[in-house]
Amino acid sequence: MRNIHAEFVKYGKNAKYWLRRCEMLLPEIAKQEIWKKKRFTSIYEYAAKLAGMNHEKVNNCLRIMKHIEDKPELLQVAREKGLGAVRPVAVIATKETAKLWAEKIEVMSKHTLETYIKDYKKEGICPGADQQQEVTIKLTPKLAKKFEAFKKRADFETLLEKFMDEVETQPKPEPVKTESPYIPVAIKKYVATKTNGICAHPDCNKPAEVFHHTKRFSLNHEHNPDQITPLCKAHHDLCHLGLIANEESQPYEWQLLAFPDTTNPKYEVDQLVQAYKTG
Ligand SMILES: [Zn+2]
Ligand SMILES: [Zn+2]
């Protein structure tokens, strides 16, 4: 019996493949004005009549191609997955980083890629740790004045750090060694309270969805409140893709990596789906 659905899927896949080939020819058609030589009134008429592409599609293709035409790694991705796949990174990618972005498109979901790009724009990749950063906080007028005065002290940073370390008042549960991947409730509660249920990544305000073991559970079979951190889906993905440097330090010290450290035993674990599921 004829399988109409299977036929449709097959033809659709082929159609998309051939349309991608058309899209990638557009810059050359524009440059050589091939549309004019073939007696069309514009490249839009040419693309619409010959390949069913609308005006917006033509503009998008030309724009993205302009950004990636000197980046072979991204051209390769575009050939395989279409221009839509390289679109999020088209503007941000440089010749030097094109390989990095091509790889990221391969391994990340769209949402995780967008989060990575956002963090990348904000903090870059591994800036110097001694670089000073500006912080903005909102305080009541009275407290603001007090803070301004306090800030002038020579030992301001040391004092502030000491204060923040000591202020942690909730009692910390003991680490639990176990074969069970389920995190004890007391530990979950302790960990979630620290970030108020928000993702622990410093630049993220999304609700936390996952309790993540910064030393993978499958490697040490332990639920340690100091090594479990609440994360949103995207930042959790970035951890398991090995793209957070010093993951075992406090999240505020985390930095984005360009490529994972494949020699880290965690990297191997993260390649296994099961390990990923148990946090
Ligand atoms: Zn997050
Ligand atoms: Zn995890």
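Numbering of ligands and ligand atoms starts at 1, following listing order.
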Of all N, O or S atoms in His212, the one closest to the Zn ion (ligand 2) is ND1
Does any N, O or S atom of Cys204, backbone or side chain, fall under 2.8 Å from the Zn ion (ligand 1)? yes
Indicate if the distance from the Zn ion (ligand 2) to the nearest N, O or S atom of His236 falls below 2.8 Å. yes
Atom of His235 nearest the Zn ion (ligand 1) (restricted to N/O/S, atom name only): ND1
So does Arg20 pair up with Glu80, basic N to acidic O under 4.0 Å? no
Could you walk me through whether Thr112 and Ser109 satisfy the side-chain hydrogen bond (donor to acceptor under 3.5 Å, both in side chains) test, starting with their C-alpha distance in whole Å, then the side-chain angles of each, then the deciding distance to 0.1 Å, before giving a yes or no? CA-CA 5 Å; Thr112 302; Ser109 73; 3.1 Å; yes
Aromatic plane relationship, His240 with His212 - under 30° parallel, 30 to 60° tilted, over 60° perpendicular: perpendicular
When Thr229, Thr115, Asp119 are each screened for side chain to side chain donor-acceptor pair (under 3.5 Å) with His235, the one that passes is Asp119
